[in-house]
Protein chains: 2
Amino acid sequence: MNATIYDVAREAGVSMATVSRVMNGNPNVKPATRQKVLDAMERLEYRPNAVARGLASKKTTTVGVIIPDISRTFFAELARGIEDIASMYRYNIILSSSDQNEQKELDLFDTLLGKQVDGIVYMGGEITEKHIAAFKGSVPVVLAATIDKTNMLPSVNINYEEAVYEAISYFIKNGHQSIAFVNGRIEDPINKEKLLGYRRALNENGISFDEEKVIVGDYTYNSGMQALQTLIDKDKDNFPSAIFVSTDEMALGVIHCAQDNNYSVPNDIEVIGFDDTRLAEMVRPTLSTVVQPMYDIGAVSMRLLTKLMNKEKVEQQTVVLPHQIKYRHSTHER
Amino acid sequence: MNATIYDVAREAGVSMATVSRVMNGNPNVKPATRQKVLDAMERLEYRPNAVARGLASKKTTTVGVIIPDISRTFFAELARGIEDIASMYRYNIILSSSDQNEQKELDLFDTLLGKQVDGIVYMGGEITEKHIAAFKGSVPVVLAATIDKTNMLPSVNINYEEAVYEAISYFIKNGHQSIAFVNGRIEDPINKEKLLGYRRALNENGISFDEEKVIVGDYTYNSGMQALQTLIDKDKDNFPSAIFVSTDEMALGVIHCAQDNNYSVPNDIEVIGFDDTRLAEMVRPTLSTVVQPMYDIGAVSMRLLTKLMNKEKVEQQTVVLPHQIKYRHSTHER
DNA sequence: GTGAAAGCGCTAACAA
DNA sequence: TTGTTAGCGCTTTCAC
């Protein structure tokens with residue numbers, strides 16, 4: 001059996017309270033006493049029981065992380081950002097994948113609350129009434145790379161609408177008139193934002209919106225290939241000369257499908273992706289893409305959460321991180 | 001404040017013990033009583049406090065996962081396997097990255113024990129004396145994709161030596177005599193095994209081992225590119241006609257570096273990677289690679305851990321999963 | 001089939 | 001500066 005605080009107290013010839021004080025760095029302990037306790041701890045190989053501590057103090061120093069799928073590069077990098085900051089502030093992380101399934105998300109949330117986490121970082125798709133209801137009156141929750149249209153919840157994002165607007169504007173400036181868009185499911189508010197940016201750019205430049213040019217994929221490489229194939233099959237003559245793709249992984253699929261069909265990237269068709277995952281460097285031609293700082297989104301979310309858990313004042317609950325477009329070789333030099 | 005078991009007991013007009021019994025599915029409760037309790041729980045929106053429960057029962061239904069770096073595809077997929085099985089058995093997961101730093105690993109281990117996890121899945125590099133000492137007498141630990149040369153610890157792996165042996169043998173059978181090997185740091189026992197397989201294949205075929213042909217990378221795409229560049233710079237005439245690469249990500253680097261130098265894959269140089277991450281499909285030519293079932297390794301590890309935590313008899317503590325080689329287009333058709 | 005009561009290992013008043 | 005003493009919310013004997 002492991003030693004308890006009581007054993008240490010006896011060994012050191014002091015009371016439990018004193019032991020507790022030295023554990024928690026309470027300054028009201030005479031140095032000599034402190035040393036006695038420290039020695040006793042060492043001799044007994046004492047390791048504090050975080051569960052007992054959690055029960056007594058109502059703080060567990062663990063936070064929950066709800067994520068759609070940890071195996072996707074995008075989320076894995078985000079998770080690393082969360083984790084690094086968490087461990088910097090001595091929090092541990094309970095990580096669980098939701099597959100963006102609402103029921104699963106809600107159940108997970110409940111389980112995490114049962115485990116008495118001090119806060120939650122949430123990544124997901126649409127925030128519904130049920131989510132809001134669940135979040136309300138529980139622990140602090142911050143949304144990472146997740147949009148809540150009510151704008152009431154703390155969150156960390158980039159400006160998706162603007163980012164896509166810029167990418168499309170770049171295409172237009174370079175003379176493209178026929179620009180396709182491979183997006184994710186429109187149910188996800190982020191994809192809604194992206195579509196808005198696409199339409200605004202077209203609109204401001206007098207290019208009419210053509211529903212046929214918007215394809216929906218499921219974020220995978222294969223769905224990227226399929227998306228382009230669909231475009232090719234549709235209308236050989238009206239084939240787009242530029243394509244904006246909502247994720248890097250799909251963008252790779254688009255590029256390879258183009259090449260398989262003897263289209264040259266970027267000569268016949270320019271491509272811009274989204275995210276700037278490590279994948280962007282791993283294609284030929286290398287992928288021009290919107291840089292979404294995933295690691296930073298995770299890190300900033302977690303940092304924000306620590307403040308919230310600490311009841312510190314935060315000036316801005318909804319932070320929007322800067323983005324940029326990194327031009328590599330799937331677009332022409334400019 | 002949330003309702004406690006005491007509130008439920010009062011609301012239902014029974015004792016705490018009875019409430020506890022219905023929570024835990026104890027059959028010694030009259031159906032009518034059970035219903036009363038259930039109703040009371042519902043009315044009070046009762047949510048059991050897992051921390052209190054953990055303290056009283058000495059089981060937390062959470063397991064710790066120590067992983068080198070969650071942002072690497074390989075580990076992310078492994079983690080997903082762990083997670084799926086864990087949630088199937090109603091465990092939660094405390095996930096933390098160690099960067100393969102021994103001190104960090106040991107500290108993490110200690111923290112996890114402090115949090116009273118019921119078991120640990122461990123992924124890392126070399127298992128030292130210190131690791132063994134720490135593991136000993138604590139909670140059940142299973143190693144995933146991690147080799148312990150003493151072979152005393154429960155673990156789930158594939159046969160790395162054999163896998164590489166087969167890949168190199170394939171090259172030799174196809175007439176290659178000059179075969180390079182891009183490996184990871186030799187300090188990692190897995191890479192030691194791989195090197196052994198490489199040497200055995202050469203040896204059995206009377207090809208002499210040439211130290212110059214073994215390059216060490218750090219698993220990244222860039223280090224793959226560098227590795228090939230090193231080979232190219234070394235000796236244009238003695239350039240290998242086949243390369244085995246220890247991870248898919250490095251293999252992509254090798255392929256692209258080859259192409260950048262006007263070598264054709266697979267005509268001038270055949271390439272086989274290792275892992276079969278999603279990356280393997282995302283290159284041109286697509287990558288032939290050793291299939292290491294990462295998801296399964298994670299899933300099987302976690303399943304094994306549940307048995308250990310449950311004190312079930314397990315026939316085989318060290319499981320070796322089957323591997324295979326998937327031939328795609330970075331090697332010649334056969 | 002149900003209840004009373006003693007912990008689980010720690011924190012946090014409150015005293016001294 | 002230190003000790004005493006209630007809890008924290010639940011499980012688990014042991015009676016009845």
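The figures that follow rest on heavy atoms only: side chains count, while hydrogens, waters and symmetry mates do not. Within every chain, numbering begins at 1; the chains are lettered A, B, ... in the order of the sequence lines, protein sequences first and strands thereafter.
Side-chain proximity of B:Ser15 to C:dA4, D:dT2, C:dC10: nearest is C:dA4. Taking every side-chain heavy atom of B:Met23 into account, D:dT11 is the closest of C:dG9, D:dT11, C:dA4. Ranking D:dT1, D:dC10, C:dT11 by closeness to the A:Ile5 side chain, first place goes to C:dT11. Residue B:Asn24 places its side chain closer to D:dT11 than to any other of C:dT11, D:dG9, D:dT11. Considering only side-chain atoms of B:Ala56, the nucleotide from C:dG9, D:dT11, C:dT2 that sits closest is D:dT11. Checked against D:dT2, C:dA12, D:dC10, the side chain of A:Val29 finds its nearest nucleotide in D:dT2. Checked against C:dT11, C:dC10, C:dG3, the side chain of A:Ala52 finds its nearest nucleotide in C:dC10. The side chain of A:Asn28 lies closest to D:dT1, out of D:dT12, C:dC10, D:dT1. With C:dG1, D:dT1, D:dT12 as the choices, the nucleotide that has an atom nearest any side-chain atom of B:Thr33 turns out to be C:dG1.
What separates NZ of A:Lys36 from C1' of D:dG3 is a distance of 13 Å, to the nearest Å. Look at NZ on B:Lys30: it is 14 Å from C1' on C:dG3, rounded to the nearest Å. Here the P atom of nucleotide D:dG7 and the CZ atom of A:Arg53 are 22 Å apart, to the nearest Å. Across the protein-nucleic acid pair, A:Met16 atom CE and C:dG9 atom P stand 11 Å apart, rounded to whole Å. Atom CD of A:Gln35 and atom P of D:dT1 are 16 Å apart (whole Å). Distance CG (B:Leu113) to P (C:dG9): 15 Å, rounded to an integer number of Å. A:Lys58 places its NZ atom 10 Å from the P atom of D:dC10, with the value rounded to the nearest Å. Rounded to whole Å, the distance from CG on A:Asn26 to C1' on C:dT11 is 11 Å.
Using the six-membered ring where Trp is involved, B:Tyr122 and B:His131 have ring planes that are perpendicular, over 60° apart on the 30 and 60° scheme.
Residue B:Asn49 places none of its side-chain N or O atoms closer than 4.0 Å to OP1 or OP2 of D:dC8. Residue B:Thr18 places at least one side-chain N or O closer than 4.0 Å to OP1 or OP2 of C:dG3. Residue B:Tyr46 has a polar side-chain atom (N or O) positioned under 4.0 Å from OP1 or OP2 of D:dC10. Contact annotation: A:Ser20 side-chain N/O to C:dC10 OP1/OP2 distance is not under 4.0 Å.
Under the 3.5 Å distance criterion, with hydrogens and angles disregarded, no donor-acceptor pair is assigned to the side chains of B:Gln103 and B:Asn101.
Residue contacts for B:Val14: at a heavy-atom cut-off of 4.0 Å it reaches the sugar-phosphate backbone alone, with no base atom in range. Counting non-hydrogen atoms under 4.0 angstrom, B:Thr4 reaches the backbone sugars and phosphates but no base.
Nucleotides of DNA chain C nearest to B:Gly13 and A:Gly54 differ in position, and the one nearer the 5' end is that of B:Gly13.
At least one cation-pi condition fails for A:Arg80 and A:Tyr295: the charged atom is not both under 6.0 angstrom from the six-membered ring centre and inside a 45 degree cone around its axis.
In this structure, the ring of A:Phe74 has its center no less than 6.0 angstrom from the ring center of A:Tyr219.
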Scan nucleotides 14-16 of chain D against the protein and return all N/O pairs shorter than 3.5 Å with their distances rounded to 0.1 Å.
none

